[in-house]
Structures are given as C-alpha cells and as structure tokens.
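The structure under discussion appears below in the form of structure tokens.
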Amino acid sequence: MDKKYKGINTICTHAGELEDTKFKGAVSPLYMATSYAFEEVEVKRYPRYFNTPNQVALAKKMAALEHGEAALIFGSGMAAVSTALLSHVQSGDHVVFQNTLYGGTSNLITEEFDKFKIEYSFTKDASPAAFEAEIRENTKLVYIETPSNPLLTITDVSAVAQLAKKKGLVSMIDNTFASPVNQNPIDLGIDIVIHSATKYMGGHSDILAGVVISSEDKINTVFQMAKNLGGNLSDYTVWLLERSLKTMGLRVKAQNENAQVLAEYLYANNKVAKVYYPGLTSHPEHELAKAQMKGFGGMLSFELIEGLNADEFQKKLQLIKSSMSLAGVESTILSPSKTSHGLLTPEERAKQGIKDGLLRFSVGIEEPEDLIADIEQALKAISEN
Ligand SMILES: *Cc1c(COP(=O)(O)O)cnc(C)c1O
C-alpha cells in the first residue's frame, strides 16, 4: 500500500489510484496494452502476469481493504478460489473444508480434487471442534466461509485461525458474504482471504471478478500458479471494478441497515415462520457475529408459515426480483433448493437445514418502506388464494 488510509470510504475512494500525470483527470487512466516495452528489463509487463498498471493499482486497493500486504485480481470468484487452493496443496495433501460452502466451491472439490489426488473432508458443523476433529497427519489447509450461504451461520474466525496456526496449517476464508466493509479476517489471524468480486465489490450485477488477498509471500505462491492457469481479469473490467469499489462502503452500509430493518419486520410478521439473520438477537451466533463483524451484512433468509407457498410468493413480488446471484444494489430473492443448492440431493439439503420453502433474500439499497410494501402485497395475494 502506498499510503495508509484509515477509514473504509477513504480506502474505497483513493487507495491505489493511478495518477493521471498527463491530463490531470480525476480518475485512474485505463491502460489496455497487452504489450509493453522492456523499460525495466526484469519486469515483463503482461496482463496474464497480473502486473499491468491497472491490475497493480486495483490490487493495492484490495490489499488495503482487507489489511493484507498484496492481492491478485482474477476473472471470476471461482478462478480466485481454485487458484488459491491449488497453489497451496498438492497430491497426497489433505484439506479440511467447512460443511456449508458456496455451490461452485463444493463442485470444485467433489468434481476435481480426486483427479489431483488431493484428499479432503467436510466438517460436521462450523464449530472450531468440528474443524479440529477432521485434521489428519497430512492436512495442509483449513477453509471456511462465514456468514454461510444460505443459512447465515457464523464460524468463529479467530478460533479456526488459531487452530490452523497451532497445527501449522494454512487458513483460507471466502469472505464474499461479509465484504471487507463488514469483516476483515486477516485481523482475526486468517492467512488468505478470497472474494467473489462479482458480489458486493462489483455491486451492480454487471462485473464477474475475484480476488485473493494475503501476505507478499503467500500471494507470490498463488501467483506462481496463477500465471500458468491464466485466470486474470481484463484491464477494462479491472478499471470498472475500481469504479465500483469507490462506493462499496456506502452501498454496503445501506444494505446492512436495510437488511436489519427487513429482518426485524419479517421476524415480527405472523406469516413468516423463521428468519435467519446474524443481526437478530434470536440468531444463535448473534454475539459471535457482533464480536467479529463490523456490520451484519445484506443477506438474510426466511421461511413462510405452513400453507403459504414460497414459489407463489416469489411470483407475486414486483419490486424484489427473483434472480440468481446476489449483492447488487437491487434487491433479489431466490429459492436455494431450486437454484444455488438445486444440485444437492434432498437428503444433503436436509442435512444442511435447507428446507424447500426457504427463501434467500439479497437486500439492496432501495428504501425499506418500498421493500416492505412489496412483501406485504405479495403475502396478501397468496393468503387470499
Ligand atoms: C458467487 C460466489 C463465489 C463464486 O464467484 P464467481 O464470481 O461467480 O465465480 C464464491 N463464493 C461465494 C460465497 C459466492 O457467493
């Protein structure tokens, strides 16, 4: 990091920015070149080497956001997850994964790891004891995701980080759901932080990207494989992502506030059976969330009472769109059993506590009154049938 900025919004707006020395423009200039003259002979500047001016500038902002030393920007969240994982383990090694993971990450493990003879196990639950129970002689890495998708369970980040340190393992977290605004795992002792930048970092449902943030040393290990796998992000999108990040602090704060209002509204609604949101005192890990997070995030899930059909409810919503993905400025809703977790067997879903009627709600920046009015009218419409 060039300069040490303290406040999140200063980091979002300014950290890493490129100066336009020629025209004094207000924003970082965009350099689209794929070929650079050998000015400094040692440095071969090339987009797949993650070292173009815009890639380097954005990586500085990312490192500053997560209080790390260095970062690499990838073409998708999964490119970041797969490269970070595969660069830190090899055949014969074992990895402990949290039981509840993003669907794409689960698929990467169950569909690809056998081919590389990388062993793995999933924890029974997200408690530190459950992680310890899975550690074997050849375990090299522990991987967590908190808050989890879709039930917003909270893993004790510093307890797992301490366990990994004690056992000499690398610790990795997918921090996508929290965003760097709400949770900074490196401060809690985690080695490597991953984000799908498609979500809160992009924030407008128009960028696919990922990022890995860590120490110089570990980022260099990731880089050695990343340049061979070729998962970099195009410079134009790097530039767009820098633009998106300038408002991330403001957006996420608004989403935190809205999600709290909506969670409390749903919790008090007699047509709603259950609400999963770490900001509610009824959430089993509310105190833990309060201790390790700066905000409770914009994601929540809920179940309607028996007799009210979740599919019909989704169809009646007008402002809140039924759609895949999450974390945009617009509110969206989906049914995990039919979408994000549709590939799991009904038994696997039941084991994770994902009921067929569960709805996952990504709360946007709209006025909460309008969101509540939309839910009210949809509940009314399906109750009259
Ligand atoms: C979306 C997502 C990913 C994957 O990111 P892509 O950008 O879609 O490749 C990984 N982890 C979590 C928690 C996500 O929500």
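Atoms considered below: every heavy atom in the structure, side chains included; atoms not considered: hydrogens, waters and symmetry mates. Each ligand, and each atom within it, is numbered from 1 in the order the structure gives.
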Determine all donor-acceptor pairs shorter than 3.5 Å in which one atom belongs to a side chain in residues 27-35; sequence neighbours excluded.
{"unit_1": "S28", "atom_1": "OG", "unit_2": "L18", "atom_2": "N", "d": "3.0"}
{"unit_1": "S28", "atom_1": "OG", "unit_2": "E242", "atom_2": "OE1", "d": "3.1"}
{"unit_1": "S28", "atom_1": "OG", "unit_2": "E242", "atom_2": "OE2", "d": "2.9"}

Go through ligand 1 atom by atom and flag the ones less than 4.0 Å from a non-hydrogen atom of [X].
X	value
S76	7 (O), 9 (O)
T198	6 (P), 7 (O)
K199	1 (C), 2 (C), 3 (C), 14 (C), 15 (O)
A209	7 (O)
G77	5 (O), 6 (P), 7 (O), 9 (O)

inquiry  = With respect to E145, determine whether any N or O atom, backbone or side chain, lies less than 3.5 Å from an N or O atom of ligand 1.
reply    = no
message = Check this for me - ligand 1, L326, N or O atoms closer than 3.5 angstrom, yes or no?
response = no
query = Would you say A79 touches ligand 1, if touching means a heavy atom closer than 4.0 Å?
reply = no
Heavy-atom gap D174 to ligand 1 smaller than 4.0 Å = yes
key: Closest protein heavy atom to atom 8 (O) of ligand 1, given as residue, atom name and distance to 0.1 Å   = Y102 OH, 3.8 Å
ask   = In terms of residue, atom name and distance, what is the protein heavy atom nearest to atom 9 (O) of ligand 1?
value = M78 N, 2.8 Å
request  = Output yes when K351 and E347 qualify as a salt bridge under the 4.0 Å nitrogen-oxygen rule, no when they do not.
outcome  = no
ask   = What residue pairs, at least two apart or across chains, pass salt bridge (Lys or Arg N to Asp or Glu O under 4.0 Å) with a residue in residues 93-102?
value = D93-K140
query = Mind checking whether F302 and F313 have parallel, tilted or perpendicular rings, split at 30° and 60°?
reply = perpendicular
ask   = Between D174 and T176, is any side-chain donor less than 3.5 angstrom from a side-chain acceptor?
value = yes
task = For K253 and E257, run salt bridge (charged side-chain N to carboxylate O under 4.0 Å, His left out): C-alpha distance rounded to whole Å, both residues' side-chain angles, the deciding distance at 0.1 Å, then the answer.
result = CA-CA 6 Å; K253 185 163 171 276; E257 284 168 8; 3.6 Å; yes
task = For H94 and E134, work out which heavy atoms get closest and say how close.
result = CE1-O, 3.3 Å
query = Which of the listed options, G202, S82, S196, A178, holds the heavy atom that is closest to atom 5 (O) of ligand 1?
reply = S196
inquiry  = Can you confirm whether K290 is buried at NZ, in the sense that more than 12 heavy atoms of other residues, nucleotides or ligands lie under 6.0 Å from that atom?
reply    = no
